[in-house]
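Data block below; observations after.
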Amino acid sequence: QNLDQLSVKFVARIPVGRLRLGFSDKTILDALSWMQTGDKSLKPLLEKAYQVLPDVGLLAREIKENGVEKACQGIVPVVGIPVLPMLSQRIKSPSEMVEKMGEVDVEPKLDGLRILIHFVRGKFVKAFTRNLNETSHMFPELAKIDKFVNCSSAIFDCEAVGLDEKTKMMANFQTTMTRRRKHDIGETSKKVSIDFFIFDIISKDGKNLMDKNYLERRKVLEETVKKGGPFKLVFHEITKSPERINKLYKKRISEGYEGIMVKKVDSGYVPGRTGWRWVKMKQGEEAQGKLADTIDVVVMGYTQGRGKRASFGVGQFLVGVKDGDKIKTTSKIGTGLTDEEFREIERRLKNLRTKDKPKEYEVRKNYTPDFWVIPSLIVEIAADEITKSPTHTAGLALRFPRLINFRDDKDPSEATTLRELEGLFDLQK
DNA sequence: GCTGATGCGTC
DNA sequence: GTCGGAC
DNA sequence: GTCCGACGACGCATCAGC
């Protein structure tokens with residue numbers, strides 16, 4: 001009752017979990033700099049501290065009390081306290097990579113869980129995800145790390161990937177995810193064991209390695225990790241040739257990897273996503289991804305939209321493939337449209353609305369949209385991969401689906417069929 | 001004690 | 001994870 | 001170029017309802 005109108009709006013959003021302020025931690029860092037100097041000049045200093053101590057509340061208090069310089073001085077990674085991971089950006093072509101990064105190291109991109117391992121001999125091993133959540137309980141394998149590393153303490157960066165019991169191959173993402181659990185870890189870890197593919201080291205024996213360049217860190221890694229256990233070094237190749245990068249990319253894709261990671265050789269470990277130090281290549285113009293083709297699907301219904309989508313009247317829409325007389329769901333589409341395209345699709349869909357679910361639709365309950373539409377609009381959809389789906393009635397779903405185009409030239413009888421989708425699924429293996 | 005719906009966190 | 005928009 | 005918040009599938013955990 002004591003709050004003004006604007007405050008009421010934001011306070012009410014807190015328990016709902018949709019604060020939607022338009023700024024986040026990074027902007028707070030800007031603000032902390034402004035607070036002291038009236039510009040962004042202290043941002044680099046603040047950012048460096050934040051990467052190792054990613055808590056704007058703690059930082060702000062320190063800064064308010066002691067000023068930026070003093071508060072940020074000497075903040076280095078501490079084993080046991082999670083550090084923000086270094087993330088990758090995206091570049092379309094290998095030639096642009098070399099232009100931006102010079103000499104690079106090329107690694108396969110593994111489809112697993114990003115894990116930072118914090119180890120202190122005789123004391124603890126902990127695992128943190130890229131969002132700084134502790135997930136040590138997921139990995140009983142970590143207990144034996146002391147036998148496989150030459151150090152008294154370290155922070156390793158790696159990708160944790162399951163090993164399929166039957167095929168002895170790297171498990172797909174869905175299978176690896178079965179290890180993300182609290183209960184029955186012992187049982188599950190027998191079925192799906194985990195390998196840790198290490199590609200970086202941030203701290204060793206009390207020494208901060210974040211400012212060392214990538215090749216130096218890689219050298220330390222090679223001296224630190226012993227062969228034979230579940231801890232493996234990701235293989236890599238140094239090059240400055242765009243042709244070589246492209247070749248490696250195609251090779252890794254054909255071997256079943258997600259793509260490649262390309263890393264600037266003379267760069268420190270800089271958490272976050274900026275600066276063109278790490279770049280990923282999943283599927284570009286140069287070569288084909290797992291799902292090379294797009295598919296044409298029938299729009300079956302749509303939802304109202306929240307936040308910035310609320311004014312469009314569409315937030316996401318349900319799409320399906322043809323199976324004989326039936327239309328079965330395979331995905332919801334919520335990205336790939338410009339604001340204008342959202343307005344456009346709303347104009348069209350509202351004319352196709354129907355009160356009841358059309359008879360030919362087979363839709364599981366939890367996919368019921370706010371509004372049903374009669375089968376009429378066809379859209380072209382891209383995705384990274386087709387997965388077996390326990391929830392979509394087509395039995396197959398799209399991983400990272402996005403809209404490519406409206407297909408006004410097509411009508412529902414020309415949509416992709418379930419049979420065709422199953423064909424594409426088989427092609428992936 | 002079971003089941004479907006919802007929440008949370010990974011990609 | 002993907003994507004588009006604001007700056 | 002960077003930052004932000006719309007939205008995706010899916011596996012496990014938890015909870016409401018029976």
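Protein chains get the first letters and strands the later ones, always in sequence-line order, with residue 1 at the start of each.
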> Are A/Asn172 and A/Thr175 close enough that a side-chain donor and a side-chain acceptor fall under 3.5 Å?
Replying inline: yes
> Listed by chain and number, what are the side-chain hydrogen bond (donor to acceptor under 3.5 Å, both in side chains) partners of A/Glu187, not counting sequence neighbours?
Replying inline: A/Lys190
>> Work out how far the C1' atom of C/dG1 is from that of B/dC8, and round it to whole angstrom.
In response: 16 Å
>> Distance check needed: D/dC3 P versus A/Tyr50 OH, whole Å only.
In response: 10 Å
> In whole angstroms, how far is the C1' atom of D/dT2 from the CD atom of A/Gln89?
Replying inline: 9 Å
>> To the closest 0.5 Å, what do you measure between CD (A/Glu159) and CG (A/Leu113)?
In response: 7.0 Å
> Does A/Thr135 put a side-chain nitrogen or oxygen below 4.0 Å from OP1 or OP2 of B/dT10?
Replying inline: no
> Rounded to the Å, how far apart are A/Ile386 CD1 and D/dC10 C1'?
Replying inline: 16 Å
> Is a side-chain donor-acceptor pair under 3.5 Å present for A/Ser136 with A/Glu134?
Replying inline: yes
>> Please report the distance, rounded to the nearest Å, between CG in A/Asp384 and P in D/dG8.
In response: 16 Å
> For A/Lys308 and D/dC7, what is the distance between atoms NZ and P respectively, to the nearest whole Å?
Replying inline: 9 Å
> Under a 4.0 Å heavy-atom cut-off, which of residues 21-47 of chain A touch DNA chain B?
Replying inline: none
>> Check the orientation of A/Trp278 and A/Tyr269. Use parallel for under 30°, tilted for 30 to 60°, and perpendicular for over 60°.
In response: perpendicular
> Who are the side-chain hydrogen bond (donor to acceptor under 3.5 Å, both in side chains) partners of A/Arg179, not counting sequence neighbours?
Replying inline: A/Glu141
>> Once you apply a heavy-atom cut-off of 4.0 Å, does A/Asn131 come out as touching a base, just sugar-phosphate, or nothing?
In response: sugar-phosphate
> When you check the phosphate oxygens OP1 and OP2 of D/dG8, does a side-chain N or O of A/Lys332 lie under 4.0 Å from one of them?
Replying inline: yes
> Can you tell me if the side-chain N/O atoms of A/Gln174 get under 4.0 Å from OP1 or OP2 in D/dG11?
Replying inline: yes
>> I want to confirm an ordering. Mapping A/Lys365 and A/Gly112 to their closest nucleotides on DNA chain B, which one lands closer to the 5' end?
In response: A/Lys365
>> At 4.0 Å (heavy atoms only), tell me whether A/Thr176 reaches a base, stays on the sugar-phosphate, or touches nothing.
In response: nothing
> Is the phosphate of B/dG4, meaning OP1 or OP2, less than 4.0 Å from a side-chain N or O of A/Asn366?
Replying inline: no
> Roughly, in whole Å, what's the span from CZ in A/Arg114 to P in B/dG9?
Replying inline: 19 Å
> When all nucleic acid strands are considered with a 4.0 Å heavy-atom cut-off, which category describes A/Thr129: base, sugar-phosphate, or nothing?
Replying inline: sugar-phosphate
>> Looking at A/Pro77, is its backbone amide N or carbonyl O close enough to the side chain of A/Ser203 to form a donor-acceptor pair, meaning the two atoms are under 3.5 Å apart?
In response: no
>> Please tell me whether A/Thr129 and A/Asn131 have a donor and an acceptor in their side chains that are separated by less than 3.5 angstrom.
In response: no
> Would you say the side-chain atoms of A/His392 and A/Thr329 include a donor-acceptor pair closer than 3.5 Å?
Replying inline: yes
> Of the nucleotides B/dG9, D/dG11, D/dT2, which has the atom closest to the A/Thr274 side chain?
Replying inline: D/dT2
>> By the 4.0 Å heavy-atom rule, please label A/Arg90 as base, sugar-phosphate, or nothing.
In response: sugar-phosphate
> Rounded to the Å, how far apart are A/Phe173 CZ and D/dC10 C1'?
Replying inline: 8 Å
>> Taking CZ in A/Arg343 as the centre, count heavy atoms belonging to other residues, nucleotides or ligands within less than 6.0 Å. Is the count above 12?
In response: yes
Look for any protein N or O under 3.5 Å of an N or O in nucleotides 13-18 of chain D and output each such pair with its distance, or none.
residue : atom : partner  : partner atom : Å
D/dA13  : OP1  : A/Lys182 : N            : 2.5
D/dA13  : OP1  : A/His183 : N            : 3.0
D/dT14  : OP1  : A/Lys182 : NZ           : 2.9

> Residues from residues 334-346 of chain A sitting under 4.0 Å of DNA chain C, heavy atoms only?
Replying inline: A/Thr335, A/Gly336, A/Leu337, A/Thr338, A/Asp339
>> Expressed as a whole number of angstroms, how long is the span from A/Asp184:CG to D/dC12:P?
In response: 10 Å
> Would you say A/Ser189's side chain and A/Gly186's backbone share a donor-acceptor pair under 3.5 angstrom?
Replying inline: yes
> When you look at A/Phe156 and A/Phe196, which way does the ring-ring contact (aromatic ring centres under 6.0 Å, His included) test go after all the steps?
Replying inline: CA-CA 10 Å; A/Phe156 298 102; A/Phe196 301 89; over 10 Å; no
> Which nucleotide in the set D/dG1, B/dG9, B/dC11 lies at the smallest distance from any side-chain heavy atom of A/Arg399?
Replying inline: B/dC11
> Does NZ or CZ of A/Lys263 fall inside the cone over A/Phe199's six-membered ring, less than 6.0 Å from its centre and within 45° of the axis?
Replying inline: yes
> Nearest of D/dA6, D/dC3, D/dC10 to any side-chain atom of A/His392?
Replying inline: D/dC10
> A/Ile117 and A/Val125: side chain to side chain contact (heavy atoms under 4.5 Å, CB included), yes or no, with the steps?
Replying inline: CA-CA 7 Å; A/Ile117 301 172; A/Val125 205; 3.8 Å; yes
> 5' to 3' on DNA chain C, which nucleotides open and close the contacts with chain A (atom under 4.0 Å from a heavy atom)?
Replying inline: C/dG1 to C/dG5
>> Determine whether A/Arg407 and A/Asp409 satisfy the following criterion, salt bridge (Lys or Arg N to Asp or Glu O under 4.0 Å), listing intermediate values before the conclusion.
In response: CA-CA 5 Å; A/Arg407 290 301 299 264; A/Asp409 54 317; 2.8 Å; yes
